[in-house]
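Working notes, structure below.
Letters go in sequence order (proteins before strands), and every chain restarts at 1.
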Amino acid sequence: MPEENQQLKERKTLDEREQMSELERLRHSCAHVMATAILRLWPDAQFAYGPPVENGFYYDVELDHRISPEDFEAIEAEMKKEIKANNVFEKLVVTRDQAIADAKSGRLGGLSERPDNESKFKLDLLDQIPEGEPISYYRNGDFVDLCAGPHVMRTGNIKAFKLTSVASAYYKGDENNPQLQRIYGTAFKNKTELEAYFTMLEEAKKRDHRKLGAEMGLYTIDAEYTGPGMPLWLPKGTAIVEELEKLAKETEFAAGYVRVRTPHLAKEKMYRTSGHLPYYADSMFPPMTLDELAAKRSELVEKKRHLWEHCWASGAVEALKLTSAHLEALNPSQELQLLERRINTPEVEVSSEQMGCLQELRDVARELFQMPLAESYYLKAMNCPHHHRIFAAEPRSYRDLPLRLAEYGCCYRYEQSGELFGLMRVRSLNMNDAHIYCTEEQFAEEFRAVNDMYLKYFRIFGLEKYVMRFSTHSKEGLGKKYVDEPELWLKTEDMVRRVLQESGINYVEVANEAAFYGPKIDVQVWSAIGREFTIATNQVDFAVPAKFGLQYKDRDNSFKTPLCIHRAPLGTHERFIGFLIEHYAGNFPLWLAPEQVRVLTIGEDEALIAYAKGILNELRGHQVRAEADFSHDPIKAKVAEAEKARVHTMLAIGPRDMENGNVSVRLHGKGHQGAKPKGEVVSDIVAAIRERRA
RNA sequence: GCCAGUGUAGCUCAGUGGUAGAGCAACGGUUUCGUAAACCGUAGGUCGUCGGUUCGACCCCGACCACUGGCUCCA
């Protein structure tokens with residue numbers, strides 16, 4: 001099934017291919033033109049896949065020469081020649097035998113036949129084309145490629161294109177396959193659209209959370225001392241973190257959640273029991289092994305080895321009728337038992353010297369056996385097992401359910417080094433986590449309530465576009481990728497599907513991407529500039545509570561295992577704030593702004609400063625994050641600095657304001673709002689924060 | 001983890017096989033001013049780290065680290 005899915009994704013049906021938009025045709029055609037150009041420069045190149053993608057196209061190529069952006073100019077120049085030649089994209093339908101012969105001659109994905117350089121990827125692709133499906137080539141000039149099309153009419157139709165980047169990719173996405181160079185480019189109907197696209201990219205760059213995060217002093221990543229992927233939250237960033245926590249705590253409290261706190265570490269047994277270790281050990285930090293007796297232990301092991309040797313030499317072991325093969329198979333407990341038994345069996349005849357040696361050996365073996373074992377602790381990569389143990393901490397009745405345990409717990413995941421990305425992919429993460437334990441009857445309602453909470457958050461943050469990706473299991477993965485409970489899977493997935501349908505949530509179903517313990521829902525949202533983010537996840541767990549033996553006593557006095565819903569609507573602080581930075585372009589609404597208000601004085605009159613301080617203190621008394629700028633700079637400079645720092649509200653105070661009991665208000669990015677009575681301004685600010693106004 | 005690219009002051013960037021430069025920020029002073037930047041001065045860098053080549057390396061070479069673009073992964 002995984003392979004099948006992969007292929008479905010890569011190999012569109014002919015019908016689907018006919019659906020290609022005009023822009024996709026153009027881009028796919030541009031990929032052929034790029035291949036043509038690359039072959040002019042490096043005739044040995046072997047091509048694999050070259051599809052259009054969301055923002056352009058790519059072509060995967062195998063080539064000894066490492067293509068770098070410095071080569072783009074030359075490739076683009078060759079592409080321009082091919083475009084200027086205005087060759088027709090000509091479709092040729094061939095027989096399978098013909099295609100195989102052409103691939104073997106190196107003709108497919110080439111400018112001519114290439115003896116000793118067969119079109120190996122094309123041969124493999126041919127193999128995947130189902131019997132009976134027509135096989136076609138597309139030819140432009142000398143370049144002939146195995147391709148189902150469709151294409152634009154002529155190479156000259158490509159009016160605006162640009163190569164953008166080079167990356168590597170495994171053939172068919174499988175790391176066991178050869179690694180190919182993937183050359184990315186994009187193409188548009190005309191130059192204006194191409195330029196608009198690059199302008200949009202520039203915009204996105206300006207909103208990049210890494211750039212804004214540094215500029216605004218929200219967080220820093222100290223790879224040298226703290227470690228890569230482990231952000232340090234600076235005071236300004238912490239202000240945002242804590243606002244989000246406050247929002248989550250208030251929302252969850254109102255929805256009947258209770259809060260818990262759990263340690264960052266747990267013994268190996270925790271993750272053995274939960275079943276996470278076999279699946280995720282690689283993405284956890286390696287365990288810390290606590291063994292205070294390590295030195296003593298190795299000393300005893302050494303001593304025991306010597307004693308065994310001595311016993312062998314003295315013949316004591318033969319007297320016990322033991323072979324070395326026999327001994328090697330023993331574990332410490334068996335070893336000890338065996339020694340005890342033989343020593344205490346009267347009919348075994350050994351000399352007193354031999355007996356002394358055996359007894360000494362037995363004593364060492366016993367001491368070793370009785371020593372406490374080393375303990376391994378893992379940094380927690382998820383909160384669920386800890387919460388399960390809280391569930392297990394006391395007897396539970398059906399009257400206690402649903403039990404909703406919430407925690408803003410810090411987890412640690414050993415993400416692959418190449419995977420780290422600003423705040424979006426980190427190794428230390430704070431999750432807005434909660435686990436809801438409920439009965440099967442309660443499940444639908446609980447699940448619906450969780451979804452409602454997501455929608456509520458979307459409104460607060462002004463997220464208009466979202467989709468919930470509902471991931472289900474595959475039969476083939478049962479017992480491998482997924483716990484082997486076919487009926488429970490189907491039943492639970494049905495429940496989830498029904499709730500999604502009934503509550504009119506926008507969702508898509510994706511096969512084969514569930515968590516190992518149950519179906520999951522990933523929440524995708526789109527930022528203000530239309531970039532997609534997966535911010536949250538919501539999972540059903542029908543397996544792990546049973547592994548921990550979690551039970552509640554039902555009405556009929558029988559014990560039952562609860563269902564568990566894992567949910568994290570705000571995902572991790574890290575990713576969510578990274579998303580918000582881009583979404584708001586760093587211009588946070590008042591309630592989230594790190595610096596909500598800055599009081600700016602005009603002039604340095606003592607009475608004026610005192611008046612300004614009064615306002616500052618009043619705001620702080622209301623828990624408003626307010627700062628002051630009483631420096632010597634002219635007001636123009638103070639305003640410029642505050643605007644640059646993205647302070648939400650600037651209160652300028654000069655002699656005129658003081659005389660009238662006013663302050664003059666300026667909003668970041670919105671300019672001067674005029675002077676208003678002091679009290680009115682303060683209560684407005686406080687109300688806007690309380691209501692979390694956009 | 002894999003492939004490729006990048007690494008000069010807190011930030012944005014110049015620069016050269018022969019002792020490192022600018023603007024902004026910082027600090028000190030002058031300026032007393034009404035909504036995006038008054039003026040003068042001072043200080044700030046083992047040019048990512050470690051090795052190699054060289055009379056001499058920030059520059060050339062190698063390894064490592066980090067970041068970036070992808071791939072793979074994502075409880």
State the pairing partner of B:A38; accept Watson-Crick or G-U wobble contacts with both distances under 3.5 Å, and report none otherwise. B:U30
Nearest-nucleotide wise, let me know which of A:Ile221 and A:Pro634 is further upstream toward the 5' end of RNA chain B. A:Pro634
Watson-Crick or G-U wobble partner of B:G21, both distances under 3.5 Å: B:C13
Is a side-chain N or O of A:Glu627 found less than 3.5 angstrom from the main chain of A:Val599, in a donor-acceptor match? no
Under 4.0 Å from OP1 or OP2 of B:G69: is there any side-chain N or O of A:Arg210 that close? yes
Taking only side-chain N and O atoms of A:Ser168, does any of them lie within less than 4.0 angstrom of OP1 or OP2 on B:C71? no
Applying a 4.0 Å non-hydrogen cut-off, can you work out what A:Ala223 is touching in the nucleic acid: base, sugar-phosphate, or nothing? sugar-phosphate
If we call it a pair only when both distances are under 3.5 Å in a Watson-Crick or G-U wobble match, what pairs with B:G56? none
Are A:Arg531 and A:Glu582 ion-paired here, with the side-chain N under 4.0 Å from a carboxylate O? yes
Is there a side-chain contact between A:Lys520 and the phosphate of B:A75, meaning an N or O under 4.0 Å from OP1 or OP2? yes
So what does A:Glu215 touch, heavy atoms closer than 4.0 Å: a base, only the sugar-phosphate, or nothing? nothing
Mind checking who B:C71 pairs with, Watson-Crick or G-U wobble, both distances under 3.5 Å? B:G1
Most 5' of A:Gly422 and A:Lys481 on RNA chain B, judged by nearest nucleotide: A:Gly422
Pairing nucleotide - B:A43, Watson-Crick or G-U, each distance under 3.5 Å: none
Qualifying residue, where the test is side chain to side chain donor-acceptor pair (under 3.5 Å) with A:His435 and the options are A:Arg404, A:His566, A:Arg567: A:His566
Quick one: is A:Arg413 getting a side-chain N or O under 4.0 Å of the B:C73 phosphate, OP1 or OP2? no
